[in-house]
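Remember, it's 1-based here, ligands and their atoms both numbered in the order they're listed. Being a predicted model, the structure only gives us computed values, none of them experimental.
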Amino acid sequence: MNQPLRNSGSTEHYDVVVIGAGVSGMYALHHLREMGLSVRVYDGASDVGGTWWYNRYPGARVDGPGSPFYCYTFSEELMQEWDWKETQSEQSAVLAYLEHVADRFDLRRDIQFETWVQDARYDEAAQRWTVETDTGVRASARFLICALGALSTANMPDIPGIHDFAGECYHTGQWPHEPVSFEGKRVAVIGTGSSGIQSIPEIAKEAAHMTVLQRTAQYAFPAGNRPITPEDMADARANWDGIRAKMHANVGGFPFDMHARAALDDTPEQREALYEELWQRGGFQFFLDLYNDIAVSEEANASLADFVRDKIREIVRDPKTAEKLMPDHFVMTKRPILDDGYFETFNRDNVTLVDLREDPIERFTATSVVTRTGEHPIDVLVLATGFDAISGSMLRLNPKGRGGMSLRERWQDRFHNYLGLTIAGFPNLFMIHGPGSPGVFYNMPLGAERQMDWIGKCMDHLREQELGAIEPSAESEEAWANEVSAIANVTLFPRTDSWWTGANVPGKPRGFSAYLGGSIYYQRISDLAAKDYEGFVFEKANRSGDTET
Ligand code: NA7
C-alpha cells in the first residue's frame with residue numbers, strides 16, 4: 001500500500017499528487033510508483049477512464065487512427081495480452097481496456113474516486129502544493145501533476161430559457177450511466193462536431209422525431225470501421241518493437257507512413273481518384289494517406305473540400321437540406337470527423353435540419369425550442385456542444401501559485417506556458433496534454449507516456465541536484481508561445497474558428513493552443529533537458545524532511 005509519507009492533523013503528505021485518473025493520470029501513477037515515489041490520485045468519477053468514463057453517448061467511438069494503436073506502449077505484456085476487436089473501438093471497449101490496465105497494475109489502491117479537487121495552492125516556504133477536496137481530505141505534495149484531460153470541461157450553451165426546459169437534458173460529455181431511451185420521443189440535438197455527428201444517426205433510429213440544430217456545417221468522412229481479426233492482432237504483436245519505434249518517429253504518434261506528394265503535383269483527375277479511393281476505404285487513415293499540402297495550401301485544401309461537398313450533395317436527397325449541410329471553412333481546420341451514416345440520416349422522414357445561421361435559437365420554453373421561424377416541441381434535449389477544451393480544465397481547477405496568484409489571473413490574456421508542461425509562477429506543477437503541447441494532435445496515450453517520462457526525469461534531476469523547485473522563466477514562455485504560433489501559422493488551422501483556437505467558448509482568449517510539430521516536440525523537450533533544463537529557473541531546497549524526492 002502506498003501510504004502517505006505522514007499525516008499532520010488532517011493533512012496527508014505525499015511526494016506527488018496527481019489530479020485525474022484518465023489515460024494520462026493512470027500512466028502517471030504507474031510511472032511515479034515505479035520511481036519509488038508516494039503518490040495519491042484524485043478523480044471526481046467513480047472509476048478510471050476520464051474522458052472515456054464520461055462520454056457514453058450513443059455512437060461514441062474512437063475517431064482517431066484507432067485500435068490497436070490507440071493504447072499504452074509502456075508494457076510489452078499489456079500489448080501482448082489485450083485483444084482489440086474493431087479499428088474504431090466503441091467507448092465501452094476503450095473503457096474495458098483502461099479498467100484492465102487499472103486491474104493489471106493495481107492502480108485503484110492509490111486513487112481516491114468521487115473526490116473533486118476544489119483548490120490547489122503552492123506554499124513558497126515549504127516548496128509544496130496543498131490540495132483541498134470536496135470530501136474534506138487535504139493533501140500536501142512536493143509535486144502537482146494536472147492530468148485533467150483536454151476534453152473534460154463541458155461547454156454549456158448559454159441560451160435564454162434553457163434552464164426552464166422541463167424535459168430530459170443530457171450533455172454528450174456527461175452522459176448518464178443508465179440507458180437513455182429515445183423511443184417515441186421528440187429529440188433536439190445542438191451541435192454537429194464529432195459527438196453530435198456520432199450520436200445523431202444512432203438517436204434518429206430510435207426517436208419519434210429529431211431536430212438537428214446546426215451552427216456550423218461540417219465535413220465528415222466515412223469511419224470505415226472494420227473488425228480486427230486474430231491475424232491482424234497476431235501481426236501487430238509479432239512486430240510490436242518495430243511498430244512502437246515507428247509510433248515514436250511518426251508526427252502523430254501512429255505507426256503509419258505519410259503521403260509524400262502534394263495535391264498540386266497531381267492533375268484534378270488524379271486527385272479525384274485518390275480522394276475516391278480513400279473515401280471508399282474510410283477511417284482516419286484518410287487524412288494520413290492524403291496529400292501533404294492539404295493543411296497548408298488554400299488551393300489543395302479547396303480540391304478536397306469540393307470533393308466532400310459533392311459527396312454530401314450525392315448522399316442527401318433533398319437539395320435544400322444538402323445546401324444547409326455544405327461546410328464553408330477550410331477542410332480539416334476543425335477536428336476531422338469520422339461518421340457512420342451521418343449525411344444519410346437527413347434522408348429519414350423523422351429528421352429535420354435547422355441551420356442556426358439563418359434561423360437562430362431565440363429561447364427555450366418548458367417544452368420546446370423556439371427559433372426565429374417557429375417553435376419545435378421537444379421531449380429531450382441533447383447538448384453535443386463540446387468542451388472548454390485544452391485549457392478549460394486547468395482554469396476550472398484554478399491553482400494558486402507564487403504570491404497566491406491564480407491561474408485565471410495569469411491566463412487572462414493568453415495560456416502562458418513553457419513546453420506545454422509548466423507555468424511561470426507555478427513551481428513544481430506539471431500539466432499533461434496542456435496548452436502548448438502536441439496534446440490532441442498526437443496519439444494521446446503515447447503522448448501522456450512521453451510527457452510523463454520527461455516529468456519523471458525532471459523530478460530525478462531535482463533530487464540529484466538537491467533542488468527544491470523548478471519553474472520556467474517568463475522569457476522562455478514567450479519564446480515557446482512564439483514557436484507554437486510560428487508552426488501553427490504555416491498551416492490553415494488558425495484561420496478557422498474551432499475549439500483548437502478557443503473560439504467555441506465566449507470570452508476565451510483566442511490563439512492556436514497546440515504544438516503542431518508532433519514528434520519533433522519530444523526531441524525538443526529532451527534536448528532542452530540535456531542542456532541543464534534550458535529555459536527553467538531552479539530554487540535550492542529550503543529544507544529536507546518529507547521532501548524525499
Ligand atoms: P465540438 O467539436 O466542439 O462540437 C461542438 C458543436 O456544438 C459544434 O458544432 C459547435 O458549433 C456547436 N455549438 C457549441 N456551442 C453552441 C451554441 N451555443 N449554439 C449552437 N451550437 C453550438 O465538440 P464535440 O464534443 O463534438 O467533439 C470534441 C472532441 O471530442 C472531438 O474532436 C473528438 O476528438 C472527441 P461551432 O462549430 O462551434 O459553430
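- Given atom 5 (C) of ligand 1, the protein heavy atom at minimum distance is Ala384 O, 3.3 Å.
- With a heavy-atom cut-off of 4.0 Å, Ile190 touches ligand 1 through its side chain alone.
- Here the protein heavy atom with the shortest distance to atom 38 (O) of ligand 1 is Arg215 NH2, 2.9 Å.
- When each atom of ligand 1 is checked for a heavy atom of Pro157 under 4.0 Å away, the hits are 18 (N).
- Closest protein heavy atom to atom 12 (C) of ligand 1: Gly191 CA, 3.7 Å.
- Here the heavy atom of the protein found nearest to atom 1 (P) of ligand 1 is Trp499 CD1, 3.7 Å.
- No side-chain heavy atom of Ile361 sits under 4.5 Å from any side-chain heavy atom of Val370.
- In this structure, atom 31 (C) of ligand 1 lies nearest to the protein heavy atom Ser194 OG, 3.3 Å.
- Two residues are said to be in side-chain contact when any heavy atoms from C-beta on lie closer than 4.5 Å; Ile145 and Ile455 meet this criterion.
- With rounding to the nearest 0.5 Å, the separation of NZ in Lys205 from CZ in Phe182 is 13.0 Å.
- Atom CZ of Phe387 sits about 5.5 Å away from atom OG1 of Thr172, to the nearest 0.5 Å.
- Of all the heavy atoms of Val440, none lies under 4.0 Å from any atom of ligand 1, so neither backbone nor side chain is involved.
- Assignment of Gln214 to the shell around ligand 1 is not supported, since no heavy atom sits closer than 4.0 Å.
- Look at Asp47 and Arg108 and you find a salt bridge, because one of the NZ, NE, NH1 or NH2 atoms lies within 4.0 Å of a carboxylate O, short of that distance.
- Using a 4.5 Å heavy-atom cutoff, the side chains of Pro445 and Tyr27 are not in contact.
- Protein heavy atom nearest atom 37 (O) of ligand 1, with residue, atom name and distance: Lys334 NZ, 2.9 Å.
- Counting heavy atoms under 4.0 Å from ligand 1, residue Leu151 touches it through the side chain alone.
- With hydrogens left out, the protein atom closest to atom 36 (P) of ligand 1 is Thr216 OG1, 3.4 Å, a heavy atom.
- Aromatic ring pairs are classed by plane angle as parallel below 30°, tilted from 30° to 60° and perpendicular above 60°; the pair Trp84 and Tyr97 is tilted.
- Ranking protein heavy atoms by distance to atom 32 (O) of ligand 1, first place goes to Arg335 CG, 2.9 Å.
- How far CE of Met444 is from CD of Glu449: 13.0 Å, rounded to the nearest 0.5 Å.
- Annotation for ligand 1: atoms under 4.0 Å from non-hydrogen atoms of Ser195 are 24 (P), 25 (O), 26 (O), 27 (O).
- The backbone N or O of Phe415 sits less than 3.5 Å from a side-chain atom of Asn417, completing a donor-acceptor pair.
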